[in-house]
K.L.:
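Before I ask anything, let me first share the structure, which is written out below as C-alpha coordinates.
Only a predicted model underlies this, so the values are computations on that prediction, with no experimental measurement involved. All values below were derived from every heavy atom in this structure, side-chain atoms included, with hydrogens, water molecules and symmetry-related copies excluded. Letters A, B, ... mirror the listed sequences (proteins, then strands); counts begin at 1.
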Protein chains: 2
Amino acid sequence: MGDMNSLHTLEPEVDASCCVPSGKPALSAEEAQQKALVFKALADPNRLRLLSIVKAGESGESCVCDLTEPLGLGQPTVSHHLKILVEAGLLHREKRGTWAYYSLIPGALDDVAGILAAL
Amino acid sequence: MGDMNSLHTLEPEVDASCCVPSGKPALSAEEAQQKALVFKALADPNRLRLLSIVKAGESGESCVCDLTEPLGLGQPTVSHHLKILVEAGLLHREKRGTWAYYSLIPGALDDVAGILAAL
DNA sequence: CAGCTATATCGATGAATGTCAATCTACGTG
DNA sequence: CACGTAGATTGACATTCATCGATATAGCTG
(Lines give C-alpha, C1' and ligand atoms only; values in the text may rest on other atoms or scores of the structure.)
Protein backbone atom coordinates (compact mmCIF):
# COMPACT_ATOMS: atom_id res chain seq x y z
CA MET A 1 0.00 0.00 0.00
CA GLY A 2 1.09 3.58 -0.46
CA ASP A 3 2.26 5.52 2.56
CA MET A 4 -0.09 8.15 3.82
CA ASN A 5 1.86 9.96 6.51
CA SER A 6 4.29 12.07 4.57
CA LEU A 7 4.67 15.29 6.51
CA HIS A 8 5.39 18.22 4.25
CA THR A 9 7.37 20.96 5.91
CA LEU A 10 6.97 24.07 3.86
CA GLU A 11 7.02 27.82 4.10
CA PRO A 12 3.70 29.45 4.91
CA GLU A 13 3.50 31.36 1.64
CA VAL A 14 3.12 35.07 2.35
CA ASP A 15 0.21 36.79 0.67
CA ALA A 16 -0.05 40.54 0.35
CA SER A 17 -3.75 40.57 -0.46
CA CYS A 18 -6.00 43.58 -0.40
CA CYS A 19 -7.61 44.13 2.96
CA VAL A 20 -7.32 41.14 5.25
CA PRO A 21 -5.28 42.16 8.29
CA SER A 22 -4.10 38.64 8.92
CA GLY A 23 -1.69 38.38 11.80
CA LYS A 24 -0.85 34.78 10.87
CA PRO A 25 -0.21 33.05 7.55
CA ALA A 26 -3.06 30.56 8.00
CA LEU A 27 -2.96 27.09 6.50
CA SER A 28 -1.15 26.38 3.27
CA ALA A 29 -2.81 24.19 0.69
CA GLU A 30 -0.56 21.25 1.54
CA GLU A 31 -1.03 21.57 5.27
CA ALA A 32 -4.78 21.77 4.78
CA GLN A 33 -4.85 18.68 2.58
CA GLN A 34 -2.81 16.76 5.14
CA LYS A 35 -5.06 17.70 8.04
CA ALA A 36 -8.22 17.11 6.06
CA LEU A 37 -7.28 13.42 5.82
CA VAL A 38 -8.12 12.77 9.47
CA PHE A 39 -11.41 14.58 9.21
CA LYS A 40 -12.28 12.63 6.07
CA ALA A 41 -11.80 9.49 8.12
CA LEU A 42 -14.11 10.88 10.80
CA ALA A 43 -16.71 12.15 8.34
CA ASP A 44 -18.66 8.91 8.14
CA PRO A 45 -21.29 7.81 10.67
CA ASN A 46 -20.29 4.16 10.55
CA ARG A 47 -16.65 5.00 11.14
CA LEU A 48 -17.60 7.11 14.15
CA ARG A 49 -19.57 4.16 15.47
CA LEU A 50 -16.60 1.87 14.89
CA LEU A 51 -14.36 4.15 16.91
CA SER A 52 -16.99 4.37 19.62
CA ILE A 53 -17.45 0.61 19.84
CA VAL A 54 -13.73 -0.08 19.89
CA LYS A 55 -13.25 2.54 22.57
CA ALA A 56 -16.18 1.29 24.65
CA GLY A 57 -14.90 -2.28 24.69
CA GLU A 58 -13.42 -3.18 28.06
CA SER A 59 -10.46 -4.98 26.59
CA GLY A 60 -9.73 -1.93 24.46
CA GLU A 61 -9.77 -3.99 21.31
CA SER A 62 -12.36 -5.56 19.04
CA CYS A 63 -12.21 -8.06 16.21
CA VAL A 64 -14.04 -7.57 12.93
CA CYS A 65 -16.58 -10.25 13.73
CA ASP A 66 -17.77 -8.19 16.69
CA LEU A 67 -18.14 -5.07 14.59
CA THR A 68 -20.17 -6.20 11.60
CA GLU A 69 -23.29 -7.09 13.54
CA PRO A 70 -23.89 -3.90 15.56
CA LEU A 71 -23.37 -1.79 12.44
CA GLY A 72 -25.55 -3.84 10.15
CA LEU A 73 -22.91 -3.74 7.43
CA GLY A 74 -21.24 -6.47 5.43
CA GLN A 75 -17.83 -7.75 6.44
CA PRO A 76 -16.00 -6.28 3.43
CA THR A 77 -17.48 -2.87 4.16
CA VAL A 78 -16.39 -2.99 7.79
CA SER A 79 -12.90 -4.06 6.75
CA HIS A 80 -12.80 -1.15 4.34
CA HIS A 81 -13.80 1.37 7.03
CA LEU A 82 -11.30 -0.08 9.47
CA LYS A 83 -8.56 0.27 6.91
CA ILE A 84 -9.38 3.94 6.45
CA LEU A 85 -9.27 4.49 10.22
CA VAL A 86 -5.92 2.71 10.45
CA GLU A 87 -4.48 4.76 7.59
CA ALA A 88 -5.70 7.92 9.29
CA GLY A 89 -3.62 6.99 12.33
CA LEU A 90 -6.61 6.49 14.59
CA LEU A 91 -6.73 2.71 14.96
CA HIS A 92 -4.09 0.02 15.47
CA ARG A 93 -4.41 -3.39 13.84
CA GLU A 94 -2.97 -6.55 15.33
CA LYS A 95 -3.41 -9.96 13.81
CA ARG A 96 -3.53 -12.82 16.29
CA GLY A 97 -4.23 -16.17 14.77
CA THR A 98 -7.18 -15.99 12.46
CA TRP A 99 -8.56 -12.84 14.03
CA ALA A 100 -7.62 -9.21 13.58
CA TYR A 101 -7.92 -7.01 16.64
CA TYR A 102 -8.38 -3.27 16.34
CA SER A 103 -7.66 -0.80 19.12
CA LEU A 104 -7.61 2.97 19.51
CA ILE A 105 -4.17 4.50 19.18
CA PRO A 106 -3.57 6.32 22.48
CA GLY A 107 -3.71 10.08 22.09
CA ALA A 108 -4.83 9.98 18.48
CA LEU A 109 -8.16 11.66 19.17
CA ASP A 110 -6.43 14.23 21.34
CA ASP A 111 -4.15 15.03 18.44
CA VAL A 112 -7.16 15.70 16.26
CA ALA A 113 -8.50 18.03 18.92
CA GLY A 114 -5.12 19.72 18.82
CA ILE A 115 -5.46 20.29 15.10
CA LEU A 116 -8.75 22.05 15.72
CA ALA A 117 -7.27 24.23 18.44
CA ALA A 118 -4.34 25.16 16.21
CA LEU A 119 -6.45 26.14 13.22
CA MET B 1 -33.38 28.40 6.20
CA GLY B 2 -33.92 24.83 7.40
CA ASP B 3 -32.78 23.97 10.86
CA MET B 4 -29.85 21.63 11.11
CA ASN B 5 -29.41 21.24 14.82
CA SER B 6 -32.27 18.97 15.76
CA LEU B 7 -30.94 16.87 18.61
CA HIS B 8 -32.43 13.43 18.55
CA THR B 9 -32.79 11.95 22.00
CA LEU B 10 -33.18 8.25 21.62
CA GLU B 11 -32.60 5.05 23.47
CA PRO B 12 -29.17 3.52 22.93
CA GLU B 13 -30.51 0.31 21.47
CA VAL B 14 -29.27 -2.59 23.55
CA ASP B 15 -27.49 -5.31 21.65
CA ALA B 16 -26.79 -8.68 23.16
CA SER B 17 -24.11 -9.60 20.67
CA CYS B 18 -21.69 -12.46 20.99
CA CYS B 19 -18.49 -11.51 22.72
CA VAL B 20 -17.98 -7.76 22.96
CA PRO B 21 -17.75 -6.82 26.64
CA SER B 22 -18.94 -3.29 25.99
CA GLY B 23 -19.40 -1.32 29.16
CA LYS B 24 -21.15 1.47 27.27
CA PRO B 25 -23.79 1.45 24.53
CA ALA B 26 -21.58 3.36 22.09
CA LEU B 27 -23.03 5.61 19.41
CA SER B 28 -26.42 4.91 17.91
CA ALA B 29 -26.83 5.26 14.16
CA GLU B 30 -28.69 8.54 14.54
CA GLU B 31 -26.18 10.03 16.95
CA ALA B 32 -23.36 9.03 14.64
CA GLN B 33 -25.02 10.57 11.60
CA GLN B 34 -25.59 13.79 13.52
CA LYS B 35 -22.00 14.04 14.70
CA ALA B 36 -20.59 13.09 11.33
CA LEU B 37 -22.09 16.28 9.88
CA VAL B 38 -19.50 18.49 11.55
CA PHE B 39 -16.65 16.28 10.43
CA LYS B 40 -17.98 16.26 6.90
CA ALA B 41 -17.76 20.04 6.98
CA LEU B 42 -14.16 19.80 8.19
CA ALA B 43 -13.19 17.08 5.72
CA ASP B 44 -12.22 19.45 2.93
CA PRO B 45 -8.85 21.19 2.64
CA ASN B 46 -10.31 24.41 1.33
CA ARG B 47 -12.83 24.59 4.14
CA LEU B 48 -10.05 24.09 6.68
CA ARG B 49 -8.19 26.95 5.04
CA LEU B 50 -11.32 29.10 5.15
CA LEU B 51 -11.66 28.52 8.88
CA SER B 52 -7.98 29.22 9.36
CA ILE B 53 -8.09 32.47 7.40
CA VAL B 54 -11.22 33.70 9.14
CA LYS B 55 -9.72 32.85 12.51
CA ALA B 56 -6.39 34.47 11.68
CA GLY B 57 -7.98 37.75 10.64
CA GLU B 58 -7.47 40.41 13.31
CA SER B 59 -11.00 41.72 13.02
CA GLY B 60 -12.28 38.18 13.50
CA GLU B 61 -14.32 38.39 10.35
CA SER B 62 -13.70 38.18 6.62
CA CYS B 63 -15.78 38.95 3.57
CA VAL B 64 -16.03 36.62 0.61
CA CYS B 65 -13.94 38.89 -1.58
CA ASP B 66 -11.00 38.39 0.79
CA LEU B 67 -11.34 34.63 0.69
CA THR B 68 -11.50 33.80 -3.00
CA GLU B 69 -8.02 35.01 -3.84
CA PRO B 70 -5.91 33.15 -1.23
CA LEU B 71 -7.73 29.91 -2.01
CA GLY B 72 -7.52 30.19 -5.77
CA LEU B 73 -11.15 29.19 -6.12
CA GLY B 74 -14.05 30.80 -7.90
CA GLN B 75 -16.48 32.97 -5.97
CA PRO B 76 -19.43 30.52 -6.27
CA THR B 77 -17.27 27.72 -4.92
CA VAL B 78 -16.19 29.78 -1.92
CA SER B 79 -19.77 30.78 -1.21
CA HIS B 80 -20.72 27.13 -1.34
CA HIS B 81 -18.02 26.14 1.14
CA LEU B 82 -18.95 28.97 3.47
CA LYS B 83 -22.56 27.88 3.43
CA ILE B 84 -21.54 24.38 4.47
CA LEU B 85 -19.47 25.77 7.33
CA VAL B 86 -22.36 27.95 8.46
CA GLU B 87 -24.79 25.03 8.35
CA ALA B 88 -22.34 22.96 10.37
CA GLY B 89 -22.51 25.58 13.11
CA LEU B 90 -18.90 26.63 12.73
CA LEU B 91 -19.21 30.03 11.06
CA HIS B 92 -21.51 32.99 11.54
CA ARG B 93 -22.71 35.05 8.58
CA GLU B 94 -23.57 38.72 8.83
CA LYS B 95 -24.61 40.83 5.87
CA ARG B 96 -23.59 44.47 6.10
CA GLY B 97 -24.41 46.47 3.00
CA THR B 98 -23.23 44.69 -0.09
CA TRP B 99 -20.74 42.56 1.77
CA ALA B 100 -21.17 39.38 3.77
CA TYR B 101 -18.88 38.96 6.75
CA TYR B 102 -18.07 35.54 8.12
CA SER B 103 -16.73 34.91 11.62
CA LEU B 104 -15.94 31.90 13.76
CA ILE B 105 -18.69 30.99 16.18
CA PRO B 106 -17.05 31.16 19.63
CA GLY B 107 -16.54 27.73 21.14
CA ALA B 108 -17.65 25.86 18.05
CA LEU B 109 -14.27 24.23 17.50
CA ASP B 110 -14.07 23.38 21.18
CA ASP B 111 -17.42 21.64 20.88
CA VAL B 112 -16.05 19.50 18.08
CA ALA B 113 -13.11 18.60 20.27
CA GLY B 114 -15.65 17.65 22.90
CA ILE B 115 -17.35 15.29 20.49
CA LEU B 116 -14.03 13.54 19.96
CA ALA B 117 -13.38 13.25 23.68
CA ALA B 118 -16.86 11.82 24.24
CA LEU B 119 -16.64 9.19 21.55
C1' DC C 1 -34.09 54.41 -12.89
C1' DA C 2 -29.77 52.40 -15.04
C1' DG C 3 -25.61 50.47 -14.04
C1' DC C 4 -22.13 48.42 -11.12
C1' DT C 5 -20.63 45.31 -7.54
C1' DA C 6 -20.78 41.63 -4.01
C1' DT C 7 -22.84 37.50 -3.06
C1' DA C 8 -26.00 33.62 -3.62
C1' DT C 9 -28.18 30.11 -6.36
C1' DC C 10 -28.74 26.90 -10.30
C1' DG C 11 -27.33 23.26 -13.60
C1' DA C 12 -23.90 20.44 -15.26
C1' DT C 13 -19.86 17.59 -14.98
C1' DG C 14 -16.07 14.86 -13.41
C1' DA C 15 -14.09 12.83 -9.31
C1' DA C 16 -14.41 10.65 -4.93
C1' DT C 17 -16.93 7.58 -1.85
C1' DG C 18 -19.87 3.92 0.52
C1' DT C 19 -21.68 -0.46 -0.24
C1' DC C 20 -22.10 -5.11 -1.78
C1' DA C 21 -21.18 -9.71 -4.11
C1' DA C 22 -17.50 -12.48 -5.40
C1' DT C 23 -12.98 -13.94 -4.76
C1' DC C 24 -8.55 -14.47 -2.56
C1' DT C 25 -5.37 -15.28 1.41
C1' DA C 26 -4.12 -17.08 5.73
C1' DC C 27 -4.79 -19.68 9.72
C1' DG C 28 -6.59 -23.50 12.43
C1' DT C 29 -8.55 -28.31 12.65
C1' DG C 30 -10.33 -32.69 11.31
C1' DC D 1 -3.84 -32.65 3.03
C1' DA D 2 -8.82 -31.15 2.78
C1' DC D 3 -12.05 -28.32 4.79
C1' DG D 4 -13.94 -24.40 7.31
C1' DT D 5 -13.51 -19.83 8.94
C1' DA D 6 -11.78 -14.79 9.61
C1' DG D 7 -10.45 -11.23 7.21
C1' DA D 8 -8.70 -8.60 3.08
C1' DT D 9 -9.00 -7.44 -1.70
C1' DT D 10 -11.25 -6.67 -6.17
C1' DG D 11 -14.74 -4.96 -9.36
C1' DA D 12 -19.02 -2.87 -10.05
C1' DC D 13 -22.60 0.37 -9.06
C1' DA D 14 -25.08 4.20 -7.10
C1' DT D 15 -24.61 8.25 -4.50
C1' DT D 16 -22.40 12.19 -2.96
C1' DC D 17 -19.40 16.05 -3.65
C1' DA D 18 -16.23 19.81 -5.35
C1' DT D 19 -15.92 22.80 -8.92
C1' DC D 20 -17.20 25.88 -12.57
C1' DG D 21 -20.01 28.86 -15.78
C1' DA D 22 -24.19 31.21 -16.08
C1' DT D 23 -27.69 33.52 -13.87
C1' DA D 24 -30.29 35.67 -10.11
C1' DT D 25 -30.62 38.78 -6.08
C1' DA D 26 -29.54 42.69 -3.39
C1' DG D 27 -27.43 46.94 -2.28
C1' DC D 28 -24.92 51.09 -3.63
C1' DT D 29 -24.24 55.10 -6.88
C1' DG D 30 -24.58 58.02 -10.65
Side-chain angles (χ1 to χ4, degrees), chain A residues 1-2 4 17-20 29 32-33 35-51 53-54 61-88 91-103, chain B residues 1-2 4 17-20 29 32-33 35-51 53-54 61-88 91-103:
Chain A
M1 316 306 140
M4 302 276 303
S17 64
C18 51
C19 29
V20 174
Q33 187 163 15
K35 305 193 179 193
L37 288 180
V38 196
F39 294 110
K40 275 186 205 291
L42 294 167
D44 181 271
N46 288 316
R47 286 198 288 269
L48 286 182
R49 297 187 78 190
L50 282 174
L51 289 175
I53 294 174
V54 170
E61 56 185 16
S62 310
C63 60
V64 182
C65 65
D66 293 334
L67 299 172
T68 53
E69 189 179 343
L71 261 63
L73 293 178
Q75 173 265 319
T77 304
V78 174
S79 269
H80 173 239
H81 284 313
L82 289 170
K83 182 178 184 179
I84 290 178
L85 290 171
V86 168
E87 286 176 344
L91 283 188
H92 170 74
R93 176 182 183 270
E94 182 185 355
K95 188 103 181 273
R96 286 204 306 269
T98 314
W99 292 270
Y101 293 90
Y102 288 86
S103 56
Chain B
M1 315 302 150
M4 300 279 303
S17 66
C18 51
C19 30
V20 173
Q33 187 163 14
K35 304 190 182 203
L37 288 179
V38 196
F39 295 111
K40 276 186 205 289
L42 293 167
D44 181 273
N46 288 316
R47 286 198 287 270
L48 286 182
R49 298 186 76 190
L50 283 173
L51 289 175
I53 295 174
V54 169
E61 56 184 16
S62 311
C63 60
V64 182
C65 64
D66 294 335
L67 298 172
T68 54
E69 189 179 342
L71 261 63
L73 293 177
Q75 173 266 319
T77 304
V78 174
S79 269
H80 173 238
H81 285 311
L82 289 170
K83 183 178 184 179
I84 291 178
L85 291 171
V86 168
E87 287 176 343
L91 284 188
H92 170 75
R93 176 181 182 270
E94 182 184 356
K95 189 101 182 272
R96 285 204 304 269
T98 313
W99 290 269
Y101 293 90
Y102 288 86
S103 55

K.L.:
To the nearest Å, how far apart are Y101(B) OH and dA8(C) P?
P.N.:
13 Å

K.L.:
Check the distance between dA8(D)'s C1' and E94(A)'s CD and give it to me in whole angstrom.
P.N.:
17 Å

K.L.:
Can you check whether Q75(B) reaches S79(B) side chain to side chain, under 4.5 Å on heavy atoms?
P.N.:
yes

K.L.:
Of all the heavy-atom pairs spanning H81(A) and L50(A), show the shortest one and how long it is.
P.N.:
CB-CD1, 3.6 Å

K.L.:
Working to the nearest 0.5 angstrom, can you tell me the gap between L48(A) CG and I53(A) CD1?
P.N.:
11.0 Å

K.L.:
Please identify each residue that fulfils side chain to side chain contact (heavy atoms under 4.5 Å, CB included) with S103(B), with sequence neighbours left out.
P.N.:
E61(B), H92(B)

K.L.:
Distances for protein N/O vs nucleotides 28-30 of chain C N/O pairs under 3.5 angstrom?
P.N.:
none

K.L.:
Think K83(B) has a side-chain N or O under 4.0 angstrom from the OP1 or OP2 of dT9(C)?
P.N.:
yes

K.L.:
Measure from the side-chain heavy atoms of R47(B) and tell me the nearest of dA8(C), dA8(D), dA18(D).
P.N.:
dA18(D)

K.L.:
Measure the shortest side-chain to side-chain distance between V54(B) and L85(B) over non-hydrogen atoms and say whether it is less than 4.5 angstrom.
P.N.:
no

K.L.:
Rounded to the nearest 0.5 Å, how far does CG of L82(A) lie from CG of L67(A)?
P.N.:
6.0 Å

K.L.:
Show every donor-acceptor pair shorter than 3.5 Å between a side-chain atom in residues 38-46 of chain A and any protein atom, with sequence neighbours excluded, or say none if there are none.
P.N.:
residue : atom : partner : partner atom : Å
K40(A)  : NZ   : A43(B)  : O            : 3.2
D44(A)  : OD1  : N46(A)  : N            : 2.9
D44(A)  : OD1  : R47(A)  : N            : 3.2

K.L.:
Does dA6(D) have its OP1 or OP2 closer than 4.0 Å to a side-chain nitrogen or oxygen of Y102(A)?
P.N.:
no

K.L.:
What is the distance, to the nearest angstrom, from the NZ atom on K95(B) to the P atom on dT7(C)?
P.N.:
9 Å

K.L.:
Got a sec, which residues hit side chain to side chain contact (heavy atoms under 4.5 Å, CB included) with V86(B), two or more places apart in sequence or on another chain?
P.N.:
L91(B), R93(B), Y102(B)

K.L.:
Rounded to whole angstrom units, what separation is found between the CZ atom of R49(A) and the P atom of dT19(C)?
P.N.:
11 Å

K.L.:
Give each protein N/O atom lying under 3.5 Å from an N/O atom of nucleotides 19-22 of chain D, with the pair distance.
P.N.:
residue : atom : partner : partner atom : Å
dT19(D) : OP1  : N46(B)  : ND2          : 2.7
dT19(D) : OP2  : H81(B)  : NE2          : 2.2
dC20(D) : OP2  : G74(B)  : N            : 3.1
dC20(D) : OP2  : T77(B)  : OG1          : 3.0

K.L.:
Find the distance L42(B):CG to dA18(D):C1' and express it as a whole number of Å.
P.N.:
16 Å

K.L.:
Roughly, in whole Å, what's the span from CZ in F39(A) to P in dA16(C)?
P.N.:
21 Å

K.L.:
Given atom CD1 of I84(B) and atom P of dT9(C), what is their separation to the nearest angstrom?
P.N.:
12 Å

K.L.:
I need the CD-C1' distance between E61(A) and dG7(D), as an integer number of Å.
P.N.:
16 Å

